[in-house]
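What follows is a short report on a single structure.
It should be emphasised that the depicted structure is a prediction, and the values quoted were computed from it without experimental measurement. Remember, it's 1-based here, ligands and their atoms both numbered in the order they're listed.
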Amino acid sequence: MNYQIDKIREDFPILGRTVYGKPLVYLDNGATTQKPRCVVDAMTEEYYNVNANVHRGVHFLSQRATDLHEQSRETVRKFINAHSTNEIVFTRGTTESINLVATCFGDGCMDEGDEVIVSEMEHHSNIVSWQLVAQRKGIKLRVIPINDEGKLCLEEYEKLFNEHTKIVSVTQVSNVLGTVNPVKEVVRIAHKHNVPVLVDGAQSTPHFAVDVQDIDCDFFAFSGHKIYGPTGIGVLYGKEKWLDRIPPYMGGGEMIKNVSFEKTTFNELPFKFEAGTPDYIATTGLAKALDYVSKLGMDNILAHEQELTRYAIEQMNQIEGMKIFGPSASERDAVISFQVGDIHHLDLGTLLDRLGIAIRTGHHCAEPLMHRLGIQGTARASFGLYNTKEEIDILVTGIERIKKMF
Ligand code: PLP
C-alpha cells in the first residue's frame, strides 16, 4: 500500500505544533478533523479572487462562484454515489440534515400516534430532533436495543414494526462504541415494511467508502468538518421521491419559483431545501476535502485506520484496569471509548492534555447509551487518516504515567 504517512502529515500544518511544549497528539477526530492545506487554500483563493453571491448574478464572478458551488455538489454526488445532484442538499452539518428530515418528514408524512424507530446508540442529534416532532405532533419513538457487545439487536428491531411505523433513523457508526451497523440489512428490513430509512453517516464517511445506492437508504446525512472539510457545511442526501414529497424546511430566497401574497410555488430540487445564501465558500472547501480523501483512497484510509485501531486496542489492553467499550477490533471503526480503573474520565482527559494528547471525555452526546452501559462517561480516542502507531504509544505511555499518579 502506497500510504506515505510522513508526507500526508505534512499536508496538515496543525500537526506540526506543540501543546504545553509537547508535540501535539491529536486523537479527537470523532469530534472534528484537522484540515489539509489544500482545503484552506481553496477557500482563501475563492474569497480573494472569486467571491460573489451564487445563482442570482449575471456577472462574471457570480457565474464563476455558481460554477464552483455546483461542481462541489457534483463532487459530493460522486463521493457517495448518489444517482443525481438533485438528491444532494447542502446543510450546516449532520445535525441540521437530521433536523430537516425529522421536521419535514414529520410535518408531511406523520400523524399523531405514528412511530419512528431509532437505536439505543444514537447521538443526541438523532434523538432530540425526533423528540421535538413528538412534542409537536404526538408521534412516538421506538428504540432498537443493543446487546452487551454493543451491536444492534436485529431480531428486536424487526419486532418494532407495526402499522404506525413511518420511518427508521439509525447511525451507520457509533461515535462511542465504534460499532459499524449493518445498515444495508436495516434498510432491507424496513423496506420490507414499506418504511424509509435515514442513515446518520457522521462517523462513517470519514473512514470508509459509502455508496448510498448500494445501501439503498432513503436519506443520508454527514458533516464536512468530520471529513477534513470546513465547519458549517454538511450534506443531506435524499431520494428524489422523498424530497419531492416532503415540504420545505425554511422559507426565503433561492427556495422559491414564484411568490405572491396569495400563493408561493417552490423551486425544484435540491434548491427547495436551500433557503437563503448558501455557504458557497464552504462547499468549495468540502469538495476539496472529498477530492483529497478520494485521492488517498478510502480503502487505503480504512486499511490504515483499521491497523491503528487493532494496534491501539492491543496496546491499551496491556494496561491494568483498562476497560474498552464496544465490539472487537475487527468489527469496529477507528474510535475507542475507555475507562481506566476508577480514574475519572475528566481527570484522564485533563492530564493527558498536559502531555499534548487531545482526547475527548464525557457522554459524547449519547446519554441514553451511557444509561444502557450503566456509566456516566468515558474517555475516547478517535483516529484519523494522519495518526500513527507512535502516537498510540505516546497515548499508552501517558495513561500508564497517569495511573501511577493515582
Ligand atoms: N451523529 C453522530 C454519530 C455524531 O458523532 C455527530 C457528531 O459528533 C453528529 C451526529 C452531529 O454532527 P454535527 O455536530 O457535525 O452536526
- Cationic N near anionic O, under 4.0 Å, Asp279 to Arg92: no
(message) I'd like to know whether the aromatic ring centres of His124 and His363 sit less than 6.0 Å apart in this structure.
(response) yes
### Query
Looking only at atom types and distance, does a side-chain atom of Thr33 sit under 3.5 Å from a main-chain N or O of Asn29, one as donor and one as acceptor?
no
Measuring centre to centre across the rings, with the benzene-like ring taken for any Trp, is Phe12 within less than 6.0 Å of Tyr386? yes
Among Gly201, Ser223, Ala202, Gly232, closest by heavy atom to atom 15 (O) of ligand 1 is Ser223
**Study point:** Ring-ring centroid check Phe338 His345, cutoff 6.0 Å
**Key:** no
re atom 5 (O) of ligand 1, the protein heavy-atom contact at minimum distance is Gln203 NE2, 2.7 Å
The answer for which part of Glu122 has a heavy atom under 4.0 Å from ligand 1 is neither
So for Thr94 against ligand 1, with non-hydrogen atoms under 4.0 Å, the contacting part is both
Note: Lys226, heavy atoms under 4.0 Å from ligand 1, region reported as side chain
Heavy-atom proximity to atom 16 (O) of ligand 1 ranks first, among Asp200, Thr91, Thr95, Asn175, for Thr95
Original post:
Hey, is ligand 1 close enough to Glu96 that some N/O pair sits below 3.5 Å?
Top reply: no
- request: Verify ring-ring contact (aromatic ring centres under 6.0 Å, His included) between Phe271 and His55, making sure each step is shown before the conclusion.
  value: CA-CA 10 Å; Phe271 309 110; His55 295 143; 5.0 Å; yes
Residue, atom and distance of the protein heavy atom nearest atom 4 (C) of ligand 1 read His123 CD2, 3.3 Å
Min over Ser125, Ser174, Ala221, Ala366 of heavy-atom distance to atom 10 (C) of ligand 1 lands on Ser125
Q) If you draw the axis of the six-membered ring of Tyr311, does the NZ or CZ of Lys389 fall within 45° of it and under 6.0 Å from the ring centre? A) yes
Review point. Mind checking whether Thr171 has an N or O less than 3.5 Å away from an N or O of ligand 1?
Key: no
